[in-house]
Structure formats: C-alpha cells, structure tokens
Amino acid sequence: MNNQVIEALQRSRYKVLTSSQDLEQIYRLRYNCYRAERSIAENERCIMTDPFDETPNCVHVAVEMDGKMLAAVRLHLVSKLSLTSPTLEVFPEVLDMLKRGQTALDSTRFVIAPEARKQRVPLHFLVLRIPFLATMFYDIDLALAAVRVEHTAFYRRYLGYEVSMEPRSYPGLKKPTQLLTAKVREQRDAVLARIPVFGLVDEIPHSNIAFPNLQGVYVASTDGSSKAA
C-alpha cells in the first residue's frame, strides 16, 4: 500500500489555499462530493461553505493531481489564542480534555472528487497525510475528527483514533457524526511504523506542505517542540 501512495504522491501537489478563486473551487468540490452522498441539500450556487471557512485559525489544503484539484481538507488550529472550530461547536466537552496550554487540531470537510474515487487512486491516504503532517508542524496534543459512524474503522485502524463521544447532529449535514480523538504524541511513532508515507517524504520534495505559521492566531503546545513539515 505504501508503494501505491508513493506513486500517487509523485503525481500530486499539496496547495494551501488563500485566494478567493481557489477557495471557490474548493467549495464547489465540497458541494459535489457531499451531494453525491446525499449529505446536504441542493443550493443554486452549487457551493458548500460556512463561517468557519473564514476564521483566522483556519487552513485550507488541497491535493492536486495531474494539475486538477481532486481532494481537500479544512484544518482549524485550537490553542489558547483561538478556541474556535466547527467540531468544538458540536462537542464543546473537548475543551475539558485539554490541559492548560495544550492544543488541538480539528480536521473537517474531508472530500475527494467522485470521479477520482472511481479511478481507485489512494487519495484518501494523501488527504490523511495533511492533518498528520499538520500535527507535527504545529506541535499538536490532541487530534479531532468528527466523522460518520461508517468511517470510524478507517481512522482507528490507520491513525490510532478512538471514539470519544457518540453521534450528534452536525450543522448543515443530514447525517450525524461522532467524535474521534487521538493523543498525537502517543500515537505518532506507531502510525509511522505502520505507514511511513504519512510522514515526511524527503525524496519527493513537493509532497511536503508549506503550512502558514499563524503567528498571533495560534501558539504551539508547551509540552513539546515543533517540527517543520
């Protein structure tokens, strides 16, 4: 499986999205993906966005393959400087899990273009690399994933997540989501031992991600030291 992901990485680029044109493209990709699964209602603009897309602690990252945007994920960096994230709105008890000075990464809007799924390219692994690398770059303590029940097994098997809270209604979605969490430092070595490609791949420089430092919006955990991704 690692070889398949490596082959996909060689054809791909990661892009942190900031321009209005790029963001609109990702909102349309989201809409198409969620509509394909009948998870959201139709709208005339054919886009899917919410106010969390514009918060200062939000980072949008897309995966481009052969020059086309095929997948993306949204990240929110939670620290004492910003306690805003979509998952915290639904599961506010998460704040009780964090000790003083600790941080969390909230990954949402994980999407892969329907046509890419049909081609059986392992894009889901390429997308999951994004939050994993982000936990390293931003020195995260707790990773969050609000997912549908049928996706739980994947996160538990490959990333060491555990179920923390039972399914709840999620704003804008027709299907409920449950909260998975992972204590990043405890899980990192085991994850990389199983799937080394989730980490840095120096022989493929463009497989790494130029995350913004979010100075003044996010402050790293006091429990460890940051590592560039």
Side-chain angles (χ1 to χ4, degrees), residues 14-18 22-37 39-40 47-63 69-79 82-95 97-98 103-113 123-135 137-138 140-152 154-156 158-159 161-182 184 209 211-212 214 217-218:
Y14 288 97
K15 185 176 183 180
V16 176
L17 308 177
T18 57
D22 283 341
L23 290 173
E24 181 173 345
Q25 188 175 354
I26 202 174
Y27 300 156
R28 293 187 182 280
L29 172 62
R30 273 187 205 164
Y31 178 84
N32 291 336
C33 293
Y34 278 83
R35 281 297 301 156
E37 296 186 353
S39 297
I40 60 171
I47 66 171
M48 183 181 181
T49 184
D50 60 48
F52 289 106
D53 286 319
E54 300 179 4
T55 61
N57 65 327
C58 178
V59 179
H60 300 273
V61 185
V63 181
M69 186 186 296
L70 293 180
V73 70
R74 177 175 71 179
L75 309 174
H76 281 85
L77 283 300
V78 177
S79 73
S82 179
L83 300 177
T84 300
S85 90
T87 296
L88 288 180
E89 289 288 304
V90 181
F91 300 98
E93 300 94 325
V94 168
L95 293 177
M97 301 179 186
L98 298 176
T103 59
L105 179 74
D106 183 11
S107 305
T108 56
R109 302 300 192 235
F110 181 123
V111 293
I112 297 174
L123 275 170
H124 48 297
F125 286 103
L126 269 61
V127 181
L128 283 175
R129 287 187 76 242
I130 298 171
F132 192 87
L133 290 174
T135 64
F137 182 85
Y138 293 110
I140 295 295
D141 294 293
L142 188 70
L144 313 177
V147 303
R148 299 205 304 268
V149 174
E150 59 265 34
H151 295 160
T152 299
F154 186 88
Y155 281 80
R156 297 188 68 175
Y158 291 107
L159 291 171
Y161 281 78
E162 294 294 337
V163 176
S164 291
M165 298 181 199
E166 293 304 306
R168 297 181 185 177
S169 296
Y170 200 94
L173 300 182
K174 294 182 178 180
K175 300 178 180 180
T177 63
Q178 66 181 4
L179 179 67
L180 308 183
T181 61
V184 175
I209 304 171
F211 291 111
L214 298 182
V217 175
Y218 170 81

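For F125 and F154, the ring centers sit closer than 6.0 Å to each other.
Applying side chain to side chain contact (heavy atoms under 4.5 Å, CB included) to L70 and the options V111, V63, L123 leaves one that passes, L123. Of the residues listed (T84, T108, T87, T55), the one engaging H76 in a side chain to side chain donor-acceptor pair (under 3.5 Å) is T55, and it is the only one.
For the pair H60 and Y27, the minimum side-chain heavy-atom distance is below 4.5 Å. No side-chain heavy atom of S79 sits less than 4.5 Å from a side-chain heavy atom of L77. The side-chain heavy atoms of E166 and V163, taken from C-beta on, include a pair separated by under 4.5 Å. Side-chain atoms of H124 and H151, non-hydrogen and from C-beta on, never get closer than 4.5 Å to each other. Two residues are said to be in side-chain contact when any heavy atoms from C-beta on lie closer than 4.5 Å; D106 and L88 fail this criterion. Two residues are said to be in side-chain contact when any heavy atoms from C-beta on lie closer than 4.5 Å; L144 and L180 fail this criterion.
Here Y155 pairs with nothing under the side-chain hydrogen bond (donor to acceptor under 3.5 Å, both in side chains) rule; sequence neighbours left out. Every residue was checked against the side-chain hydrogen bond (donor to acceptor under 3.5 Å, both in side chains) condition with S169, not counting sequence neighbours, and none meets it. Taking the side-chain contact (heavy atoms from CB on, under 4.5 Å) definition, one finds that S164 meets it with M97, L179, T181, sequence neighbours left out. By the side-chain contact (heavy atoms from CB on, under 4.5 Å) test, D50 is found to be paired with F52, D53, R74, R109, residues two or more places apart in sequence or in another chain being considered. Contacts of S82 classified as side-chain hydrogen bond (donor to acceptor under 3.5 Å, both in side chains), with partners at least two apart in sequence or in another chain: N57. Applying the side-chain contact (heavy atoms from CB on, under 4.5 Å) rule to I40 yields the partners Y31, Y34, R35, M48, L173; only residues at least two apart in sequence or on another chain are considered.
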- [ ] List the steps, then state whether side chain to side chain contact (heavy atoms under 4.5 Å, CB included) holds for T152 with Y161.
- [x] CA-CA 8 Å; T152 299; Y161 281 78; over 6 Å; no

TODO: Please assess F91 against T177 for the test side chain to side chain contact (heavy atoms under 4.5 Å, CB included), listing each intermediate value before the final yes or no.
DONE: CA-CA 10 Å; F91 300 98; T177 63; 4.2 Å; yes

Open item on the list: For a side chain to side chain contact (heavy atoms under 4.5 Å, CB included) check, start with the C-alpha distance between Q178 and M165, then their side-chain angles and the critical distance, and finish with the verdict.
Closed with: CA-CA 6 Å; Q178 66 181 4; M165 298 181 199; over 6 Å; no

TODO: Please assess V94 against L142 for the test side chain to side chain contact (heavy atoms under 4.5 Å, CB included), listing each intermediate value before the final yes or no.
DONE: CA-CA 9 Å; V94 168; L142 188 70; 4.2 Å; yes

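Of all heavy-atom pairs spanning I26 and A72, the tightest one is CD1-CB, 3.2 Å. The two residues P86 and Y170 have their closest heavy-atom pair at CB-OH, 3.3 Å. In terms of heavy atoms, L214 sits closest to P56 at CD2-O, 3.8 Å. When all heavy atoms are compared, the tightest approach of L17 to M69 is CD1-CE, 3.9 Å. When every heavy atom of P92 is checked against every heavy atom of R168, the shortest pair comes out as CD-NH1, 4.1 Å. Of all heavy-atom pairs spanning P167 and V149, the tightest one is CG-CG2, 3.7 Å.
Although no hydrogens or angles enter the test, the distance criterion places a donor-acceptor pair under 3.5 Å between the side chain of Y218 and the main chain of Y138.
A distance of 5.0 Å separates CD1 of I140 from CG of L105, quoted to the nearest 0.5 Å. With rounding to the nearest 0.5 Å, the separation of CG in N32 from CD1 in I112 is 14.0 Å. F211 contributes atom CZ, which lies 7.0 Å from atom CD1 of I130 (distance to the nearest 0.5 angstrom).
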